[in-house]
Amino acid sequence: MRQSLNEGQFVLIQLLKDMGKEVERILQGCMQTLISLDRIQADYWIAEDQKINDFERQVDDECVRLIATQQPVAKDLRKIISAMKISTDLERMGDLAIDIAKIVRRIEGPLIKQLIDIPLMAEKALEMMRRGLEAYAIEDMELANGLADQDDQVDQLYKKVVRDLLVIMTERPEVLDQGMYLAFVGRYLERFADHATNIGENVIYIATAGRQDLNK
Amino acid sequence: MGQTLSVRKLEAWYGPNKTLKGINMEIEANHVTAIIGPSGCGKSTFVRCINRMHETLPGTKVIGEIILDGESIYDQDPVALRKTVGMVFQKPNPFPSMSIFENVVAGVRLNGQRNKQNLQAIAERSLRMAALWDEVKDRLNYSGISLSGGQQQRLCIARALAVEPEILLMDEPASALDPIATTHIEELIRQLRDNYTILIVTHNMQQAARIADSTAFFLNGELVEHGATSEIFTNPKDKRTEDYITGRFG
């Protein structure tokens, strides 16, 4: 029953997974660019943002097609509406990754410290995104709920990054600009993780029709 | 104004087959209530019990109560009851030998109204309520079957409204109509809600979602779930309802 609708929903899951992989590829590339401070690479990744925008349009088009032709209701409708919202979150996550590449263009001189917690934040945020998308694919509430704890860990790391940078900036006022830029990167990754919690909130909405805040 | 209906432990049979199995349901006044469910679930039987048409067939039986205006319908004269409870059927069924005007006032005449001026006033009022007046006012003496399918169905609604019922039962009133005529009927149902209690049987899920304030899902003679339409179509409580409205069975 509802073969066309089921197939359409499968297409959405696949599109979102592929979009997630593209976001992951771009964030990892931007992080590598940050560590190496390679401005040419930064320009390359900034141009790659278009691919994520294209994915978002594909997801939107498929959702509109399914709503118009299949008239989904109840959980089917929630799943399709959520796919549109998740694609918007992924698009924003892609923008935040690109913002890191834009920061690389501005940074002057060598890095003021070895980057440890910022790459760790990126890895944890990406893990959250993968988890959220898997939870969407298999409609797993438990997986989605686990995003709240992971988001807390990213928030803690962000606070630590800011604290460490403040110490350096206090001791060496000449690196204030770069310190601020690196704090921005921490902020972008913290926001990236927040968008991943939005994916989990959509999974909970699909399963229960209720709202739950995973980002407190 | 419409009346509230209370259905209590309603059971109905066709011969040995029990088609309604203990229905309890409150039907709110001045609401549109949609009855949905797969073929053979008992939804048409249910509405036919409300105007006591079910019991007119040989071999049928009904037990339980339907309370209208504080009184069991089974304590009322069936003919008198059908003045209070009007019905519109799936296929438009104007009387073929009668004009548009005669069709509208047929029931009123049967009830003893003979005054020509009164009949004209009733016909105009009913046709206006059925959103048909502007289309037929210049040809009231034409045959009822000269109208299009959608107009014929609105003529049947006008005929039902002419006797001033409080409850309007509609058994798939738009299933034989094209999308434009269906839109007319749906808009009409929304307007009539202010003055009537409307029960509509429909196989069209989107139609129920569009026009009904509350929706009841029947399955195998049982009322599975009854609630606000917005709830039933976004977050049904029973998995069987979800499976049906999402098209996964039935």
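Note on naming: letters A, B, ... go to the chains in the order of the sequence lines (proteins, then strands), and numbering restarts at 1 for each one.
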task = Could you tell me whether A:Lys75 and B:Asp243 make a salt bridge, using a distance below 4.0 angstrom between a side-chain N and a carboxylate O?
result = no
Counting neighbours of [atom1] on [X] that are heavy atoms of other residues, nucleotides or ligands and sit closer than 6.0 Å, is the number greater than 12?
X: B:Lys9; atom1: NZ; answer: no
X: B:Leu57; atom1: CG; answer: yes
X: A:Glu142; atom1: CD; answer: no
X: A:Lys85; atom1: NZ; answer: no
X: A:Ile138; atom1: CD1; answer: yes

Any side-chain heavy-atom pair of B:Glu242 and A:Val73 under 4.5 Å = no
task = May I ask you to test the A:Gln70-B:Thr246 pair for a side-chain heavy-atom distance under 4.5 Å?
result = no
From OG1 (B:Thr234) to CD1 (A:Ile81), nearest 0.5 Å = 12.0 Å
ask   = How many angstroms lie between atom CZ of B:Arg248 and atom CG of A:Leu5, to the nearest 0.5 angstrom?
value = 5.5 Å
note = Closest heavy-atom pair, A:Arg78 versus B:Asn235, reported as atoms and distance to 0.1 Å, is NH1-CA, 4.0 Å
